[in-house]
Amino acid sequence: MGKRVAVVLAGCGVYDGSEIHEASAVLVHLSREGAQAEVFAPNISQMHVVDHVKGQPTPEQRNVLVESARIARGNIKDLAQLDVKGLDALIIPGGFGVAKNLSTWATQGKNCSVCREVEDVLRAFHAAQKPIGLCCISPVLAAKLFPGCEVTVGHDTECEKWPYAKTAESMRELGCKHVNSHVTEIHVDPRNRLVTTSAFMCNAPIHEIHDGIGNMVREVVRLA
């Protein structure tokens with residue numbers, strides 16, 4: 001019987017939801033590891049909707065669960081239904097939806113709040129000492145909720161390759177330890193059972209991002 005891994009999505013699309021390539025990579029690598037993915041999303045409104053051609057917000061309103069269902073091919077559940085007892089691990093892909101819908105990091109940085117249902121789920125897996133995999137911007141959720149944890153979002157010096165490197169400093173200000181890493185590398189915090197990788201925090205070839213997520217998924221399944 002393969003491990004049962006909860007995958008929590010934040011919508012559909014890098015600028016206002018889950019990063020689709022990251023979400024897909026997580027699902028592909030879980031399948032390759034013989035694990036069963038169970039996909040969830042909170043039944044809440046998105047912070048806003050972004051036209052991905054223009055990169056600008058639109059007047060539309062969309063629902064995080066409904067949009068996430070596009071990635072899950074309809075096989076998705078309301079996050080409120082998640083029961084940690086029947087699951088072995090948790091993975092949250094990145095994308096701006098993590099910072100806009102699952103939390104208020106996009107507007108408030110280190111002073112953000114985390115969506116209540118998302119916080120409850122993260123705390124439940126953490127309390128049960130079940131592994132949590134986070135990639136791209138989603139490690140900020142752990143930084144906010146688990147002071148003293150160790151994570152990576154890539155590098156802490158901003159440059160063309162690492163355009164979001166200032167995130168690392170904000171996470172340090174929350175009391176967590178940031179570990180610089182290459183896009184294909186992961187960092188494991190054994191005490192908190194966190195596995196993180198930078199993914200699209202890095203301007204890297206998509207296959208390298210896919211490989212880094214694969215390393216994260218393999219370690220999460222191994223720890224489960």
*Asks:* So Asn180 and Thr152, do their side chains get closer than 4.5 Å, heavy atoms only?
*Replies:* no
*Asks:* Check Cys135 against Met216 and note the closest heavy-atom contact, atom names and distance.
*Replies:* CB-CE, 4.0 Å
*Asks:* Just so I know, are the side chains of Glu117 and Val121 near enough to count as touching, which here means a heavy-atom distance under 4.5 Å?
*Replies:* no
*Asks:* To the nearest 0.5 Å, how far apart are CG in Asn101 and CG in Leu9?
*Replies:* 11.5 Å
*Asks:* Does one hydrophobic cluster hold both Val39 and Val217, with members joined at side-chain heavy-atom distances below 4.5 Å?
*Replies:* yes
*Asks:* Verify the cluster assignment for Phe146 and Val140: are they in a single hydrophobic cluster under the rule of side-chain heavy atoms below 4.5 Å apart?
*Replies:* yes
*Asks:* For Asn75, is the CG atom crowded, meaning more than 12 foreign heavy atoms sit under 6.0 Å from it?
*Replies:* no
*Asks:* Has the side chain of Ser138 got a donor or acceptor atom that lies under 3.5 Å from a matching backbone atom of Ile92?
*Replies:* yes
*Asks:* Among the clusters formed by ILVMFWY side chains lying less than 4.5 Å apart, do Val221 and Leu90 turn up in the same one?
*Replies:* no
*Asks:* Could you pull out the closest heavy-atom pair between Gly13 and Ile20, with the gap in Å?
*Replies:* N-CG1, 3.9 Å
*Asks:* Are Arg116 and Asp120 close enough for a salt bridge, meaning some N to O gap below 4.0 Å?
*Replies:* yes
*Asks:* Do Arg218 and Glu33 have side chains that get closer than 4.5 Å, going by heavy atoms?
*Replies:* yes
*Asks:* Please tell me whether Leu79 and Val26 are part of a single hydrophobic cluster in this structure, the criterion being side-chain heavy atoms less than 4.5 Å apart.
*Replies:* no
*Asks:* Tell me if a side-chain donor or acceptor on His178 pairs with a main-chain N or O of Asp156 at a distance below 3.5 Å.
*Replies:* no
*Asks:* Closer than 3.5 angstrom, by distance alone: can the side chain of Lys130 be matched with the main-chain N or O of Leu87 as a donor-acceptor pair?
*Replies:* yes
*Asks:* What distance separates Lys110 NZ from Glu173 CD, expressed to the nearest 0.5 Å?
*Replies:* 3.5 Å
*Asks:* For a 4.5 angstrom cut-off between non-hydrogen side-chain atoms, does Ser103 reach Lys144?
*Replies:* no
*Asks:* So do Met47 and Phe96 actually touch side chain to side chain, heavy atoms under 4.5 Å?
*Replies:* no
*Asks:* If only atom types and distance count, is the side chain of Glu19 paired as donor or acceptor with the main-chain N or O of His21 below 3.5 Å?
*Replies:* yes
*Asks:* So which of Ile132, Leu30, Leu134 actually passes side chain to side chain contact (heavy atoms under 4.5 Å, CB included) with Ile91?
*Replies:* Leu30
*Asks:* Grab the two heavy atoms, one from Ala10 and one from Val98, that are nearest each other, plus how far apart they are.
*Replies:* CB-N, 3.8 Å
*Asks:* Got Glu208 and His182 here, is their nearest side-chain heavy-atom distance under 4.5 Å?
*Replies:* yes
*Asks:* Taking the side chain as every heavy atom from C-beta outward, state whether Lys177 and Arg172 have any pair of such atoms under 4.5 Å apart.
*Replies:* no
*Asks:* Does the Asp16 side chain pair with the main chain of Val49, one donor and one acceptor, at a distance under 3.5 Å?
*Replies:* no
*Asks:* Just distance, no hydrogens or angles: give the donor-acceptor pairs under 3.5 Å from side chains in residues 197-207, sequence neighbours left out.
*Replies:*
unit_1	atom_1	unit_2	atom_2	d
Thr197	OG1	Glu185	O	2.7
Asn203	ND2	Glu160	O	2.6

*Asks:* Looking at OG of Ser18 and CD1 of Ile71, how far apart are the two atoms once the value is rounded to the nearest 0.5 Å?
*Replies:* 5.0 Å
*Asks:* Would Met171 end up clustered with Val114 when hydrophobic side chains under 4.5 Å apart are linked, directly or stepwise?
*Replies:* yes
*Asks:* Assess whether side chain to side chain contact (heavy atoms under 4.5 Å, CB included) is satisfied between Lys100 and Gln46, documenting all intermediate values.
*Replies:* CA-CA 7 Å; Lys100 293 177 176 180; Gln46 293 185 186; over 6 Å; no
*Asks:* Roughly how far, to the nearest 0.5 Å, is CD of Glu22 from CD1 of Ile137?
*Replies:* 10.5 Å
*Asks:* Salt bridge or not between Glu169 and Lys166? Use side-chain N to carboxylate O under 4.0 Å.
*Replies:* no
*Asks:* I'd like to know if the side chain of Asn192 reaches the main chain of Leu194, judged simply by a donor and an acceptor atom lying under 3.5 Å from each other, with no hydrogens or angles considered.
*Replies:* no
*Asks:* Is the side chain of His155 donor-acceptor paired with the backbone N or O of Ala168 at a distance under 3.5 Å, no angle test?
*Replies:* no
*Asks:* Rounded to the nearest 0.5 Å, what separation is found between the CH2 atom of Trp105 and the OG1 atom of Thr167?
*Replies:* 6.5 Å
*Asks:* What closest approach, in Å, do Cys176 and Ala143 show between heavy atoms, and which atom pair accounts for it?
*Replies:* SG-CB, 3.8 Å
*Asks:* Which atom pair, heavy atoms only, marks the closest approach of Val84 to Leu82?
*Replies:* N-CD2, 3.7 Å
*Asks:* Are any non-hydrogen side-chain atoms of Val179 and Val151 less than 4.5 angstrom apart?
*Replies:* no
*Asks:* Whether the side chain of Arg193 engages the backbone of Gln129 through a donor-acceptor N/O pair (distance < 3.5 Å, no angle test) should be reported.
*Replies:* yes
*Asks:* Distance from Ile213 atom CD1 to Ser24 atom OG, nearest 0.5 Å?
*Replies:* 9.0 Å
*Asks:* Show me the donor-acceptor pairs within less than 3.5 Å that the side chains of residues 52-70 make with the rest of the protein, sequence neighbours left out.
*Replies:*
unit_1	atom_1	unit_2	atom_2	d
His52	ND1	Val50	O	2.9
His52	NE2	Val14	N	3.3
His52	NE2	Tyr15	N	3.1
Thr58	OG1	Glu60	N	3.3
Glu60	OE1	Arg62	NE	3.0
Glu60	OE1	Arg62	NH2	2.9
Glu60	OE2	Arg62	NH2	3.4
Arg62	NH1	Glu67	OE1	3.3
Asn63	OD1	Leu65	N	2.8
Asn63	OD1	Val66	N	3.0
Asn63	ND2	Asn43	OD1	2.9
Asn63	ND2	Ile44	O	3.4
Glu67	OE1	Arg70	NE	3.3
Ser68	OG	Gly11	N	2.8
Ser68	OG	Val64	O	2.7

*Asks:* Specify the closest pair of heavy atoms between Arg191 and Gly148, including all atoms of both residues, with the distance to one decimal.
*Replies:* NH2-O, 3.4 Å
